[in-house]
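For reference, the structure discussed in these notes is given below.
Proteins get letters first, then strands, A, B, ... in listed order; numbering begins at 1 in each. Treat the numbers as computed from the prediction; the structure is a model and nothing was measured.
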2 protein chains.
Amino acid sequence: MKIRLKDIALRTGFSINTVSRALQNKEDIAKETRQIILATARELGYIPNGLASGLRSGLTRTIAVILSDVANPFFAIMTRFIEIAARKNNYAVFVLNSGEEQELEEQAIGIAMNKGVDGIILFPVQESARSIELLRQAKIPYVLVGRHFDHEDTDFLITDDINGGYLATEHLIQAGARRILLLNGPGHMSCAREREEGYRKALKAYGIGYNSGLVIQHEITHGNTYALLKQILANRFEFTGIFAFSDVVAWEAIYALQEAGIRVPEQMKVVGYDNIQSQLYYPFPLTTIHISKDRMAFRAVEIMMKKIKGEAELECYQEIFETTLIVRSSC
Amino acid sequence: MKIRLKDIALRTGFSINTVSRALQNKEDIAKETRQIILATARELGYIPNGLASGLRSGLTRTIAVILSDVANPFFAIMTRFIEIAARKNNYAVFVLNSGEEQELEEQAIGIAMNKGVDGIILFPVQESARSIELLRQAKIPYVLVGRHFDHEDTDFLITDDINGGYLATEHLIQAGARRILLLNGPGHMSCAREREEGYRKALKAYGIGYNSGLVIQHEITHGNTYALLKQILANRFEFTGIFAFSDVVAWEAIYALQEAGIRVPEQMKVVGYDNIQSQLYYPFPLTTIHISKDRMAFRAVEIMMKKIKGEAELECYQEIFETTLIVRSSC
DNA sequence: TTGTATGCGTTATCAG
DNA sequence: CTGATAACGCATACAA
């Protein structure tokens, strides 16, 4: 049998209202009264009905995380940290995958709204800014993570991807690679554009000409890089280094390289992005760009909480996290 | 401004009730009426309030997935498939991490109940059966995945871990390993016990004595295997094969082996479990035991839906999925 | 086929 | 400090 406030009220002789206020730790309740109520609530195994309280109060203590694909370790790690932080704040999190498809992202936003979430942490697909429009219209607190829109004034937490792209490319160059394949994400993603900007800067700084044939924008969904690289390797190719959009992309690439009998780093130098290995011990030591996944996730939740409570001091929280090079054995 | 049924009612001239019924596609509504209502609902951008409908109807179209740690690729993959299937059924999923701690798992169950989920998919910690007790008392539909209780009559989906353990061990033996370290999960986990049973069976079948010093039960949380193996390798050791509880455990082990300068598979043969590489292209080809993560996840959701709708034909759904050996290069 | 009335469990307002 | 009452938005039973 489900216990309601009413049951506790009946048992203790107080009114439903008093019980509610006592359990909420409101101030104008006698100490003794509160104790009695808390005790019987515990005794009866009372679990508040979040739907009812959410409906009435307008707060559900629930947020949604909308991302590309939780099966991708980068997003899985982010999700984990977000859940840890959310739970500390007594929040539960919905996980919704967009699969990097604009339509599914918008659908996910709709689901989140339907569920009455207090806020949304969004890793936006960026095929259009309609998601932002939706969020804004609904007046629901949100924070973008990892990517941001140039012409929209939103909160966001991103990493210094120009610098990251520069560091990765520079390291490849210093390792002797002149022709460097950029296995980038699609151009609508701000982080992809910025990583490419860093790539270009580094080439320029080292006096290497930019070759558009070496810059590949592709869908970064599961298996796509692998298929693509298989194809590339089947033909003539003249690069000796690869800068991958992410560690996952790098792995897929290396997987394809291995199948083609090309050794990393001897014959091909590879640098990834995200430093997933900061959270998982993979036996393949990938040189990569580190970003602080934990700090970003925690900060995202922190901002979310402030916005929900209406404590946001600033118009927009926009933070750029540092990127650093981690040298392992792939380059 | 949030659109409610009332707004659509006002706009169309029908009553709230009619609008509600029209949007639910109930039968006793005039075709034309329905069309008008649907059109204005769309026009106004109506998003139903799931809290209100959930409160009233008792169904929230929401489930919870409670698992060890989404950052672990195995659970991430399962979560992904579960979300896909749930979403097809118009369900959203809460992800709650237990961190393999009984207390956090029970807390997570409480959160799920508070949120009014229609059902729970649980990868149980199994330190105690109290979680099952909670679930049962609350009369909330649930399915256990990956692990099951011997003395509890519950729905569960597991894999044939005795066979899996046997196949892994047999393969190690056939590859020439006689002294095989079993890096197992804790003994309270049914799947760990069953994998060990398979291990023992294989040893016996090949006339190899069981050596309890080679069987290690340990917490399988992030980083723990790595630390443990570092310690083991620092001392004298005499095994030439490792059967790891999971691919993640295997990776951590191999990571430690590499740091110790021990080559896989030349000096040490390793077999993992779960075949995470069926979903992710990792450039380290791990020999492992395959389990159908997609089929298990889809089935879990399918069962969940049936139980929620009260269509469950059987007392308990108990299914054991096949395990097969995947040979790659680590053994 | 449609409308009215009621209640889901909680919180908020206000009176006592 | 406590209690009565209304309201959140929707779905259901029943009346029309």
Side-chain angles (χ1 to χ4, degrees), chain A residues 1-38 40-41 44-62 90 110 113-118 138-139 308-309, chain B residues 1-38 40-41 44-62 90 110 113-118 138-139:
Chain A
M1 170 195 165
K2 272 261 165 59
I3 306 301
R4 298 146 303 161
L5 288 183
K6 195 182 177 186
D7 301 306
I8 302 177
L10 250 44
R11 183 81 99 97
T12 58
F14 292 100
S15 71
I16 293 182
N17 183 321
T18 302
V19 173
S20 170
R21 303 174 56 74
L23 292 176
Q24 283 178 85
N25 274 316
K26 297 260 177 175
E27 279 315 315
D28 51 359
I29 293 282
K31 277 231 163 64
E32 205 189 346
T33 305
R34 189 197 316 285
Q35 281 181 347
I36 294 174
I37 291 174
L38 257 69
T40 70
L44 296 178
Y46 173 67
I47 292 179
N49 183 323
L51 296 177
S53 77
L55 180 59
R56 181 63 242 245
S57 70
L59 270 194
T60 56
R61 303 202 81 83
T62 283
N90 247 297
M113 288 176 179
N114 166 34
K115 300 302 177 194
V117 302
D118 296 340
K139 297 201 200 335
I308 290 171
K309 288 181 196 145
Chain B
M1 170 194 163
K2 273 263 164 61
I3 306 300
R4 297 147 302 161
L5 288 184
K6 196 182 176 184
D7 301 306
I8 302 176
L10 249 45
R11 183 82 100 97
T12 57
F14 292 101
S15 71
I16 293 181
N17 182 328
T18 304
V19 175
S20 169
R21 303 174 58 75
L23 292 175
Q24 284 178 84
N25 274 316
K26 298 261 177 174
E27 279 316 314
D28 52 356
I29 292 280
K31 276 230 164 62
E32 204 188 347
T33 305
R34 190 200 312 286
Q35 281 181 349
I36 296 175
I37 290 175
L38 255 68
T40 69
L44 296 178
Y46 172 67
I47 292 178
N49 182 323
L51 296 178
S53 74
L55 181 59
R56 179 65 240 246
S57 71
L59 271 194
T60 56
R61 305 201 81 81
T62 283
N90 250 296
M113 289 177 179
N114 166 35
K115 301 302 179 194
V117 301
D118 295 341
K139 298 203 200 333

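Under the salt bridge (charged side-chain N to carboxylate O under 4.0 Å, His left out) criterion, B:Arg4 pairs with B:Asp7, sequence neighbours left out. Among residues two or more places apart in sequence or in another chain, the side-chain contact (heavy atoms from CB on, under 4.5 Å) test is passed with B:Asp118 by B:Leu59, B:Thr60, B:Tyr91, B:Ile308. Among residues two or more places apart in sequence or in another chain, the side-chain contact (heavy atoms from CB on, under 4.5 Å) test is passed with A:Gln35 by none. The side chain to side chain donor-acceptor pair (under 3.5 Å) search around B:Ser15 returns B:Thr18, not counting sequence neighbours. Take A:Ser53 and apply the side chain to side chain donor-acceptor pair (under 3.5 Å) test, not counting sequence neighbours, and it matches no residue. When the side-chain contact (heavy atoms from CB on, under 4.5 Å) test is applied to B:Arg34, the partners found at least two apart in sequence or on another chain are B:Ala22, B:Asn25, B:Ile29, B:Leu38. Under the rule for a side chain to side chain donor-acceptor pair (under 3.5 Å), the partners of A:Arg21 that lie at least two apart in sequence or sit in another chain are A:Asp28.
Here the shortest heavy-atom pairing between A:Gly54 and B:Leu51 reads C-CD1, 3.8 Å. Across every non-hydrogen atom of B:Met113 and A:Ile47, the tightest pair is SD-CD1, 3.6 Å.
Contacts between residues 24-34 of chain B and DNA chain D, defined by a heavy-atom separation below 4.0 Å, involve B:Gln24, B:Lys26, listed by number. For residues 47-61 of chain A, proximity to DNA chain D is found at A:Leu55, A:Arg56, defined as any non-hydrogen atom under 4.0 angstrom from a strand atom. Residues from residues 11-18 of chain B placing a heavy atom under 4.0 Å of any atom in DNA chain C, listed by number, are B:Gly13, B:Phe14, B:Ser15, B:Asn17, B:Thr18.
Protein atom CZ of B:Arg21 is 8 Å distant from nucleotide atom C1' of D:dT12, rounded to whole Å. Here D:dA7 presents its P atom at 13 Å from CZ of B:Arg4, a figure rounded to the nearest Å.
Note that the first and last nucleotides of DNA chain C, 5' to 3', having any atom under 4.0 angstrom from a heavy atom of chain A are C:dG9 to C:dT13.
With hydrogens and angles disregarded, a donor-acceptor distance shorter than 3.5 Å links the side chain of B:Asn114 to the backbone of A:Gly50.
Looking at heavy atoms from C-beta onward, A:Lys115 lies in side-chain contact with B:Thr62 at the 4.5 angstrom threshold. Side-chain contact between A:Leu23 and A:Tyr46 is present, with heavy atoms from C-beta onward closer than 4.5 Å.
Comparing the axis of the opening five pairs of the helix from C:dT1-D:dA16 to C:dG16-D:dC1 with that of the closing five pairs yields an angle of 40°, rounded to 10°.
Rounded to the nearest 0.5 angstrom, A:Ile37 CD1 and A:Phe14 CZ are separated by 5.5 Å. To the nearest 0.5 Å, the span separating CG on A:Leu10 from CD1 on A:Ile16 amounts to 8.5 Å. With values rounded to the nearest 0.5 angstrom, A:Ile3 atom CD1 is found 5.0 Å from A:Leu44 atom CG.
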